[in-house]
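For clarity, every value in this text was computed on a predicted model and none was experimentally measured.
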Amino acid sequence: MNDPHTAVQDALMAVLMASAALKARIGDPPRLYDHVPAGPVFPFLSLGGARSRRMDDLGGDGMAQEITLHAWSRYRGQREIKDMLAAMYGALHNAPLTVAGQSFALALFVDAATDLEEDGLTYHAQARYRLLTSS
């Protein structure tokens, strides 16, 4: 089976980086990080953890990956963080992805949660997406 892990991450990043709605919320080019730099400018998104499992019922060598995306905001109140979640959802949910080495790829929203960090300034949201691929 082709290992689609890195290819799926690349496809996910490409879709998010191309989203006009997301650019309107986190800058152009979007502040979307695989590794958050020191002293980042808010708001921004970062990649979180991923879980994978085989899904041969997708045909060929199928795989389901759940990827967590983190949104970070210092806006006073939850409006900005929720707008960021909505922009991610608009860009990714039911989005066909172009994944190298895969003939089929689709992103589906799983769930999201928001919270205020202990510093009392930073809102943090986590959104999980299931990415299905098949070669």
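- In this structure, Arg128 and Ile67 have side chains that are not in contact, with every pair of non-hydrogen atoms separated by 4.5 Å or more.
- In this structure, the separation between OG on Ser52 and NE2 on His5 is 3.0 Å, given to the nearest 0.5 Å.
- Judged by distance alone, the side chains of Glu117 and Thr122 never bring a donor and an acceptor atom under 3.5 Å apart.
- Taking hydrophobic clusters as Ile, Leu, Val, Met, Phe, Trp and Tyr residues chained together by side-chain heavy-atom distances below 4.5 Å, Ile26 does not share a cluster with Leu121.
- Counting only residues at least two apart or in different chains, side-chain hydrogen bond (donor to acceptor under 3.5 Å, both in side chains) contacts with residues 13-26 are absent.
- When all heavy atoms are compared, the tightest approach of Ala11 to Val99 is CB-CG2, 3.7 Å.
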Side chain to side chain contact (heavy atoms under 4.5 Å, CB included) assessment of Arg31 paired with Leu45: CA-CA 6 Å; Arg31 289 181 297 275; Leu45 297 179; over 6 Å; no

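- For residues 8-21, there are no salt bridge (charged side-chain N to carboxylate O under 4.0 Å, His left out) pairs, not counting sequence neighbours.
- Note that CD of Gln65 is 9.5 Å distant from CG of Leu132, once rounded to the nearest 0.5 Å.
- Using a cutoff of 4.0 Å between basic side-chain nitrogens and carboxylate oxygens, Glu66 and Arg130 are scored as salt-bridged.
- Hydrophobic cluster membership differs between Leu85 and Tyr75, with clusters built from Ile, Leu, Val, Met, Phe, Trp and Tyr side chains linked at under 4.5 angstrom.
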Chi angles and distances behind the side chain to side chain contact (heavy atoms under 4.5 Å, CB included) call for Leu131, Leu106: CA-CA 6 Å; Leu131 294 104; Leu106 179 68; over 6 Å; no

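- Rounding to the nearest 0.5 angstrom, the gap separating the OH atom in Tyr123 from the CZ atom in Arg79 is 13.5 Å.
- Note that CE of Met55 is 10.0 Å distant from OG1 of Thr133, once rounded to the nearest 0.5 Å.
- Met17 and Leu47 fall within the same hydrophobic cluster, defined by Ile, Leu, Val, Met, Phe, Trp and Tyr side-chain heavy atoms under 4.5 Å apart, directly or through other members.
- Considering only residues two or more places apart in sequence or on other chains, Asn94 meets the side-chain contact (heavy atoms from CB on, under 4.5 Å) condition with Leu108.
- Salt-bridge formation is detected for the pair Asp119/Arg74: a Lys NZ or Arg NE/NH1/NH2 atom is positioned less than 4.0 Å from an Asp or Glu carboxylate oxygen.
- Taking Gln126 as the reference, Thr68, His70, His124 meet the side-chain contact (heavy atoms from CB on, under 4.5 Å) condition, with sequence neighbours excluded.
- Closest non-hydrogen pair, Ala71 versus Met88, comes out as CB-CE, 4.3 Å.
- When the side-chain contact (heavy atoms from CB on, under 4.5 Å) test is applied to Phe109, the partners found at least two apart in sequence or on another chain are Tyr89, His93, Ala112, Tyr129.
- Taking Ile, Leu, Val, Met, Phe, Trp and Tyr as members and joining any whose side-chain heavy atoms lie under 4.5 Å apart, directly or through other members, the hydrophobic cluster of Trp72 also contains Tyr33, Val36, Phe42, Phe44.
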